[in-house]
Amino acid sequence: MKNIICALIIIALYSSCKSGNSTPATLPILGNREPVTKTVNGKPVTDTVYSTIPAFKFVNQYADTITNKSLDGKIYVADFFFTTCPSICPVMHRNMLNVYKEFKADDNFRIISHTIDPKYDTVPVLKKYADKLGISGNTWWLLHGTKEDTYQIAKKYLVSVQEKNPQGEYIHDGYFILVDKQKRLRGTYDGTDPAQVTKLIADIKTLKTEPDQVAAK
Amino acid sequence: MKLAFITGIGLLFIMAVAASCQSDEQIEFKRYYSSGSVLYLAHCQNCHGEKGEGLQALIPPLTDSVFLKQNRSSLACYLKNGLKGKLSIAGREFEGEMPAAADLSPIEVAKVLTYITNSFGNKQGLINLQQVQADLKECK
């Protein structure tokens with residue numbers, strides 16, 4: 001009898017803790033938003049317009065052209081790196097491998113990693129890096145483009161990247177950005193922190209179940 | 001009963017003395033090892049990983065005791081000048097580039113090397129400052 005009471009108390013405590021910090025069923029939408037009023041059937045209707053990732057065109061490690069259209073109907077995670085990065089990139093991609101392994105069977109999911117050193121990281125260099133990292137198929141694309149295009153798109157992901165500093169190092173931050181099928185930003189995670197990357201994986205699962213995402217093609 | 005008690009106390013005493021009488025070498029080893037673990041975290045772990053596991057085929061693990069033993073006297077130079085080219089580690093081929101850890105002083109090199117050669121399944125004893133200074137003179 002005593003055991004049963006104890007068990008009940010433990011269950012009660014456990015479930016109260018769980019509901020206390022459980023993740024919400026939907027993720028926030030990040031970035032700028034603007035109310036837009038338009039007229040529908042003669043009545044004014046106010047809608048919120050969220051900032052989205054604009055059209056782009058890059059080339060992946062297989063020399064295939066990748067545009068915003070290639071990501072239509074897909075949830076994806078973006079980051080910025082370069083293959084010779086001595087500091088945070090190995091940690092970021094050690095962690096990103098967990099995301100890759102979790103979702104590589106899902107054709108409606110992608111990872112894109114933009115190189116910020118396009119001069120050195122040519123397509124063959126990116127392919128070699130991909131092979132050594134042990135990634136194959138089309139789940140994870142390493143993207144090459146002009147420096148201008150890459151730096152421009154980084155701003156849209158709210159990621160800061162800069163030119164080489166006097167020591168010849170690139171300064172960039174190690175964020176992983178979660179983007180939904182409508183190309184809206186849904187989360188930013190410190191890619192160097194395994195705990196945040198675990199949260200990213202959980203958030204992707206949550207996002208996949210949102211009605212907007214289920215419906216989008 | 002009384003005898004057992006005395007023997008017990010005696011044993012305890014011997015153990016206490018033994019524990020406090022660590023050789024100077026052991027104390028030195030512990031100092032090197034524990035500062036080495038802090039240095040590893042700051043300078044090496046991003047690439048070689050928390051458990052010295054490396055990163056896929058990009059960065060070799062630090063678990064190959066045979067390699068570390070055979071190249072013991074070159075390790076200081078690897079850190080000081082960086083390392084590039086083909087390597088066979090733990091039965092796998094690597095061809096990458098490790099940047100020079102130019103900001104590490106010889107004593108720090110000795111500490112971090114003591115740490116890695118006695119972690120991740122390695123057990124090769126102290127690499128002290130004198131050793132590192134001698135090795136650094138022989139860098140190619």
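Order of the sequence lines sets the chain letters (A, B, ...), proteins ahead of strands, with each chain counted from 1.
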> Of the backbone (N, CA, C, O) and the side chain (C-beta and beyond), which part of B:E53 lies under 4.5 Å from a heavy atom of chain A, both, or neither?
Replying inline: side chain

> Given a strict heavy-atom distance threshold of 4.5 Å, which part of B:E97 is in contact with chain A: side chain, backbone, both, or neither?
Replying inline: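 Contact with chain A is absent: no heavy atom of B:E97 under 4.5 Å.
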
>> Nearest 0.5 Å, please: how far is CG in A:L97 from CG in B:L55?
In response: 6.5 Å

Answer yes or no: does atom [atom1] of [X] have more than 12 heavy-atom neighbours from other residues, nucleotides or ligands under 6.0 Å?
X: B:D103; atom1: CG; value: yes
X: A:Q182; atom1: CD; value: yes
X: A:Y157; atom1: OH; value: yes
X: A:K132; atom1: NZ; value: yes
X: B:Q133; atom1: CD; value: yes

> What closest approach, in Å, do B:I59 and A:P90 show between heavy atoms, and which atom pair accounts for it?
Replying inline: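 Residues B:I59 and A:P90, closest heavy atoms: CD1-CB, 4.0 Å.
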
> Under the 3.5 angstrom rule, does the side chain of A:R94 hit a backbone N or O of B:Q56 as a donor-acceptor pair?
Replying inline: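 No, because the side chain of A:R94 does not come within donor-acceptor range (under 3.5 Å) of the backbone of B:Q56.
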
> Taking B:N46 for the side chain and A:S87 for the main chain, is one N or O donor matched with an acceptor at less than 3.5 Å?
Replying inline: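 Yes; judged by distance alone, with no hydrogens or angles, the pair exists.
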
